[in-house]
Amino acid sequence: MGRRFGPGLGHGIGVRLAILLATFGIVAMGMVGYTSYASSRAALLGATQRDLLTATQVLGKNFQERIEEVAAQALLLARLTPSLQEGGVMDANDRTHLAQAFTALLEVHPDYFQARLISAAGHGIELVRVDRDATLLLRIDGLHLQEKAHYPYVFNTLKLARGQVYLSDITLNRETGAHAGLDQPTLRVATPVAGPGGAIVGLIVINVDLDTMFARLKKDLPSSHQLYLSNHWGDYLIHPDAALTFGFDRGRRELIQNAFGPVAELIGGRRASVVTTPDSADGRVAAFARLPMGAAADAHFVVIGLSQPLEIVTRQARELGWDTVRMILLLSVAAVLLAAIVSRAVTEPLRQMAHAVRRFSQERVVSELPSDRNDQIGVLARSLNDMQRTIVANIGELDDSRQALRHLAQHDGLTGLPNRALFEDRLRQAMVLARRGNGCIAVLFVDLDGFKQVNDRCGHHTGDLLLAEVALRIQSCVRAADTAARIGGDEFVILLGAIELERDALAVAGKVRAALAQPFELDANTQQISASIGVALFPRHGDSEHALALAADAAMYRAKAAGGNRVQLSAGF
């Protein structure tokens, strides 16, 4: 009797084929979902690390520029003490005027604790001193003035030459009678004062409130960003948990490299910046940069860093992952019911999707998937298309933000001109090229005469319009290869590269002076200013960036002292 094959056999093969196809579809969709999730998570994490590093570097640049501004103010105050003589003798009226200058400085800068003039004689006795005490500014006089010769910032500053600046280590201020600065994180910026005969007879000291300075510097950062600062040993100076800061001052060491291992490469000088990835999901992504502090010979530096919770970074990737999981479950049900009918139609689209997602993950190439179907495969294709476009758009936005941060770090927000950092970089490059070719370059320091009166009389809006128009006129006077920059307030600098003769630089300076002497039509009002311009040539007036800038600055001050509205060639140093 022959064996018969009933309908149950065909049904069993159909069921097994349907289960096989459904299982294959579920596995394929799971791979697609996981690859998409892993790719988007890695892309978001990488973009966040780059953005954190950019923000950290911008914050570090701003900190260094702020310290340079404090140093410039200390140098200016040192010039305001002409009557200080050896032995600590100083005219009483000059003391009063200097105290008024100290008071004005502390009023304008809430991140300054104290400003002082200290004599080199009398065991470093304080001659003029103004302290911040809560909301008050106090001039300290008489018997309350103290001897400071035993403090490192005093005897180290007195070893410097006129025009040099000393930066102390950042410590807790333990000097008695320091009012608001007592027991607070403090950086001391000091410069020597020369007497009439040229000998160093004292020093100017400005105590900077580190907490207030960084609170102002990071006010535009998201609240989720946490700030870190350490000294060149790695001791915390700023930390979200204040109990971990200045541990060395309390008999213990809390080191940044213990919490963030890669920072040890910054401490050891092997790298200038690092980014870290947390070991757990509740950790933080962080970026750190090494910032030089003080004289190069001291090899001192600080480490600055920002961190952000990993949970914020990966939230969007998790949401995409859950959407993918829900979609896979929905399509799995449909696959079990329809696998026997649509197995051929399903196989090819899934293969295309897996290939497209892998290509997107590895090469960042967006492949448009066929989405004209009305079944679950069409839904998945459209969702994957949307996902690719969304990720590409997000990465584009992150790139745009990074470019905007880079532009803000290098340009003045009001005039659009390069700022001090970009100008110094271009000056450095120009000097390298000039040294190679035995060429000559020039730096023009431009300071506006009468700008303050316009600003006070007509308001800051008119002052801003005037500065923007000044920038346009300066740019119109120089070549495209030259650099015009605004370095602060009403001060501009111009870098003339590859000039041949001294008169070429003076001709450009004269052209700028003449252009700025013409009336300005602003808001239907005519404003009249002029400019004092100092000119310094490389290598004649200075063989380094710093020396050349100082020579141009000094020449500008001579032009201003001679009545302004003139060009003054540097006498050299």
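For the side chain to side chain donor-acceptor pair (under 3.5 Å) test with Q114, the passing option among N207, D133, T186 is N207; the others fail. Of the residues listed (D209, L106, T212), the one engaging Y112 in a side-chain contact (heavy atoms from CB on, under 4.5 Å) is L106, and it is the only one. Each of D447, D412, D464 was compared with R486 under the salt bridge (charged side-chain N to carboxylate O under 4.0 Å, His left out) criterion, and only D412 meets it.
Put simply, CG on L77 and CG on L105 are 6.0 Å apart, with the number rounded to the nearest 0.5 Å. Distance NZ/K61 to CG/L217: 14.5 Å, rounded to 0.5 Å. Interatomic distance, I487 CD1 to E69 CD, rounded to the nearest 0.5 Å: 11.0 Å.
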For the pair R116 and I206, evaluate side-chain contact (heavy atoms from CB on, under 4.5 Å) and give the outcome as yes or no after the intermediate values.
CA-CA 7 Å; R116 291 173 288 171; I206 299 175; over 6 Å; no
Could you walk me through whether K218 and D220 pass salt bridge (Lys or Arg N to Asp or Glu O under 4.0 Å), step by step?
CA-CA 5 Å; K218 71 179 289 285; D220 294 328; over 6 Å; no
List the steps and the verdict of side-chain contact (heavy atoms from CB on, under 4.5 Å) for V274 and F260.
CA-CA 10 Å; V274 295; F260 302 95; over 6 Å; no
Decide side-chain contact (heavy atoms from CB on, under 4.5 Å) for V189 and V205; before the verdict, give the C-alpha distance in whole Å, the side-chain angles of both, and the deciding distance to 0.1 Å.
CA-CA 6 Å; V189 181; V205 184; over 6 Å; no
Please test L137 against F102 for side-chain contact (heavy atoms from CB on, under 4.5 Å), starting from the C-alpha separation and ending with a verdict.
CA-CA 10 Å; L137 296 178; F102 284 173; over 6 Å; no
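Side chain of E254 to backbone of Y236: no donor-acceptor contact under 3.5 angstrom is found. No donor-acceptor pair under 3.5 Å is formed between the side chain of T191 and the backbone N or O of V165. Under the 3.5 Å distance criterion, the side-chain polar atoms of R290 are matched with a main-chain donor or acceptor of L266. Put simply, the side chain of N156 gets close to the backbone of P152: a donor and an acceptor are under 3.5 Å apart. Looking only at distances, no side-chain donor or acceptor of H109 sits under 3.5 Å from a matching main-chain atom of D111. Remark: the backbone N or O of E424 is not paired with any side-chain donor or acceptor of Q429 at under 3.5 angstrom. Listed for the E311 side chain is no donor-acceptor partner under 3.5 Å among the backbone atoms of R284. Judged by distance alone, with hydrogens and angles left aside, the side-chain atoms of N419 form a donor-acceptor pair with the main-chain N or O of L422 at under 3.5 Å.
Remark: Q308 engages T48, L52, S224, H225, I312, V313 in a side chain to side chain contact (heavy atoms under 4.5 Å, CB included) (not counting sequence neighbours). Residues passing the salt bridge (charged side-chain N to carboxylate O under 4.0 Å, His left out) test with K148 are E175, sequence neighbours excluded.
Relative orientation of the F288 and Y228 rings is tilted, given thresholds of 30° and 60° on the angle between their planes.
Annotation: F63 is in aromatic contact with F214 [ring centroid separation under 6.0 Å].
Between I140 and H179 there is a side-chain heavy-atom pair separated by less than 4.5 Å. Using a 4.5 Å cut-off on side-chain heavy atoms (C-beta onward), L229 and L210 make contact. Looking only at side-chain heavy atoms (C-beta outward), Q184 and L172 stay at 4.5 Å or farther from each other.
Taking the ring centre of F113 as origin, the terminal cationic atom of R188 falls outside the region bounded by 6.0 Å and 45° from the ring axis.
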